[in-house]
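Okay, so here's the structure we're looking at.
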2 protein chains.
Amino acid sequence: MGIKPAKTLTLSDIARLAGVSESTASRALRDNPVINAQTRQKVQQIAAEHQFKVNATARSLRTQKSYTIAVIILFDAKTQQAITDPFLLDILGVIADELTRQGYDMLLSTSKTTDKDWRSYYFDSKRADGLIVIGQGEHDERVEQLSSAGVPFVVWGAATGNESFPVIGSDNRQGAQLAVAHLIAQGCKRVAFLGDIRHTEIEMRYLGYLDALQAAGINVEPALQLNTDFTAQAGYLQTQQTLFSQLGSLDGIFAASDAIAMGTMKALLEHGIKVPQQVALVGFDDIAMSAYCTPSLTTVKQDTHAGGKLLVAQLLSRINGGKAASQLLPVKLIERQSSLRKH
Amino acid sequence: MGIKPAKTLTLSDIARLAGVSESTASRALRDNPVINAQTRQKVQQIAAEHQFKVNATARSLRTQKSYTIAVIILFDAKTQQAITDPFLLDILGVIADELTRQGYDMLLSTSKTTDKDWRSYYFDSKRADGLIVIGQGEHDERVEQLSSAGVPFVVWGAATGNESFPVIGSDNRQGAQLAVAHLIAQGCKRVAFLGDIRHTEIEMRYLGYLDALQAAGINVEPALQLNTDFTAQAGYLQTQQTLFSQLGSLDGIFAASDAIAMGTMKALLEHGIKVPQQVALVGFDDIAMSAYCTPSLTTVKQDTHAGGKLLVAQLLSRINGGKAASQLLPVKLIERQSSLRKH
DNA sequence: TACGCTATTGCAATCGATTGCAATATCACC
DNA sequence: GGTGATATTGCAATCGATTGCAATAGCGTA
């Protein structure tokens, strides 16, 4: 009478309904070929009729595989806010889709909360078969710990060549070099760098910046490198507080992320500085908004799609006993109004 | 010799090392008071020394609780891309933190990939104890299905008062009403609405738009409501293709999201239209970039922090046998340059 | 000394599915 | 009819932790 409490059915219920043993039912549901075709169909049909779903927990326990990957997003201890950079969402979406496509679930964690010990929490406890760590932060020692513990994991970040774990990431150095060379080609003589070089990825971008300056025979002024967090606000404040007052005449700025660049642009425009005529500006990431601010933002586009897929592919390969290798992804300069003086 | 293979220890190993039974070890680790204090300490110490972590899978199987919540992000079938709106990341971050704080893990899924049957996949299979659905999409029938199936879940979206499930969301109608009333106060006589009203949240915003117009005695022109997807690109194209050519003279635009508004702004500025002098513009969401575009964007701020916490609180209450109630969160108009004509 | 009560601890079942191995049935072929 | 090979199916152990209930020990008191 009325709707039944819908107690979840178990495999043994299905087996009973189909008149076979649990083992036969299990094999039938997994399409094991030793099972007679008719039996298999019957079991599958009954399971479907009752909307039976294998209990994932029991299966995991028995098979010792969770088919779950933990994704950990590292971010600044300082910027204690929730994840903010739009770029993260981009790559997160790709990873989510790709994991699903491969039959894996995704457990998401932000470093703020689980800063204890990922290995214990996710791996030792069998919550996940492997880890994807996004961002190396400021040389986070926890990442190094993982590598010594035999945990399958891959990192999105900057490969320096020295790390003992696989790192997938954009060719930050070349991207920055392209960006700054472009600024120089537009006539810039004195270019500032906004970004916190304590992050490995940003450090690489700084090296690319130096590459471009040196290739052009421009003298490097260390004072033009300003540590700036990954937010529009940081870019805005940095520009207001430092760039104008302390730095003499600049004619170009390379911001280590689009978010920073947007803050910078705001500050410049507020001061009546014309972008790109007086100061040309280039960012990094190509977030969605970059094309739609005014002037639109020249930037370096990372291939998040390839990156996400590669992260997943490498991790799964590693989990299945194979090797995972670090890899650099090519980037592309997207020229927009914030830096284009000619034409 | 060398590093040991580090085979994971089980509870029975710890029990043996401590010289007690598994049951005692289990109780000791969970701080069960019936266990003698000395025994408890000894067991805990040994567990700590060996970095023992309870196997979450086994525990889940036995206790019938996964301490995991599945978060499902719905988005347009049309915009088949990965999650794009920065607003989502905001609330996702809050939910992640709050779940962690409450001892729950978060399983993230995007609707594109798991469009089968969430109930089966997440709940029947015991992967999750409950679901948080973000966005109702275009009256997604799958959400309704959930409610009839006894699955604990809550939705972030727009409560209409008719739904059979708990919906937490901003007071979209009032937010829109505030925004449009503000435009009218700035002198706008003819205000367009950009947003796809097939989404319940947007529909509410449209109602608020109508409220404000009617309160001001302004005639409603249905042609001024233009279905537009949640992206800057959609806003840009819509503005270019429709607003200029077909709509006569507008002096105000209310965009249903900041992303749309930014696209619109770009198109307006490209056409040499002065914002806010000729056309005043208001968005919705208060994403991080809104303060940093030029002119900065007036918008309606949603309280994502309260929203995320409330979603989690209601869901957990529901899981623990309590009730979950729909709730409307207050919003706030943030006045910025894109609409401020006076002063 | 015996009895009852409390404080601790252990035994064994249980959660639900998977799988190695044994058991049975079926069939071909000599 | 007998024998071995093959196709199906079932039994029972197993994954690792939790927990109801029984068992034991220790202690106070009549």
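Residue numbering restarts at 1 for every chain, and letters A, B, ... go by the order of the sequence lines.
Taken to the nearest 0.5 Å, the OG1 atom of T10(B) stands 7.0 Å off from the CZ atom of F52(B). Rounded to the nearest 0.5 angstrom, Q44(A) CD and D31(A) CG are separated by 5.0 Å.
Donor-acceptor pairing under 3.5 Å is lacking for the side chains of Q45(B) and Q41(B). Neither side chain, D124(A) nor T8(B), offers a donor N or O lying under 3.5 Å from an acceptor on the other. Judged by distance alone, the side chains of N55(A) and S125(B) never bring a donor and an acceptor atom under 3.5 Å apart. For the 3.5 Å distance criterion, the side chains of T57(B) and S60(B) fail to qualify, holding no donor opposite an acceptor. No donor-acceptor contact under 3.5 angstrom links the side chains of Y122(A) and D129(A), judged on distance only. A side-chain donor from one of S21(A) and T24(A) sits under 3.5 Å from a side-chain acceptor of the other.
Atom CZ of R16(A) is separated from atom P of dA17(C) by 12 Å (rounded to the nearest Å). Look at CG on L29(B): it is 15 Å from C1' on dT19(D), rounded to the nearest Å. With rounding to whole Å, Q38(A) atom CD is found 12 Å from dT8(D) atom C1'. Atom-to-atom, CG of L61(A) to P of dT14(C) comes out at 17 Å; the value is rounded to the nearest Å. Atom C1' of nucleotide dA17(D) and atom CG of L9(B) are separated by 15 Å, given to the nearest angstrom. If you measure from atom CD1 of I14(B) to atom P of dT18(D), you get 13 Å, rounded to the nearest angstrom. For the pair R30(A) CZ and dG16(C) P, the interatomic distance rounds to 18 Å; values are reported in whole Å. D124(A) has its CG atom 16 Å from the C1' atom of dA17(D), to the nearest Å.
The phosphate of dG16(C) has neither OP1 nor OP2 within less than 4.0 Å of any side-chain N or O from S12(A). Residue R59(A) places no side-chain N or O under 4.0 Å from the OP1 or OP2 atom of dG16(C). In this structure, Q64(A) does not reach the dT14(D) phosphate: none of its side-chain N or O atoms is under 4.0 Å from OP1 or OP2.
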Inset, instruction - Treat primed atoms plus P, OP1 and OP2 as sugar-phosphate and everything else as base, then score nucleotides 6-13 of chain C 5' to 3': B for base contact with protein heavy atoms under 4.0 Å, S for sugar-phosphate contact only, - for none. - result: --SBBB-B

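A heavy atom closer than 4.0 Å to some atom of DNA chain D occurs in F52(B), V54(B), N55(B), A58(B), these being the qualifying members of residues 46-58 of chain B.
Both the sub-6.0 Å distance and the 45° axial angle are not jointly satisfied by R318(A) relative to the ring of F153(A).
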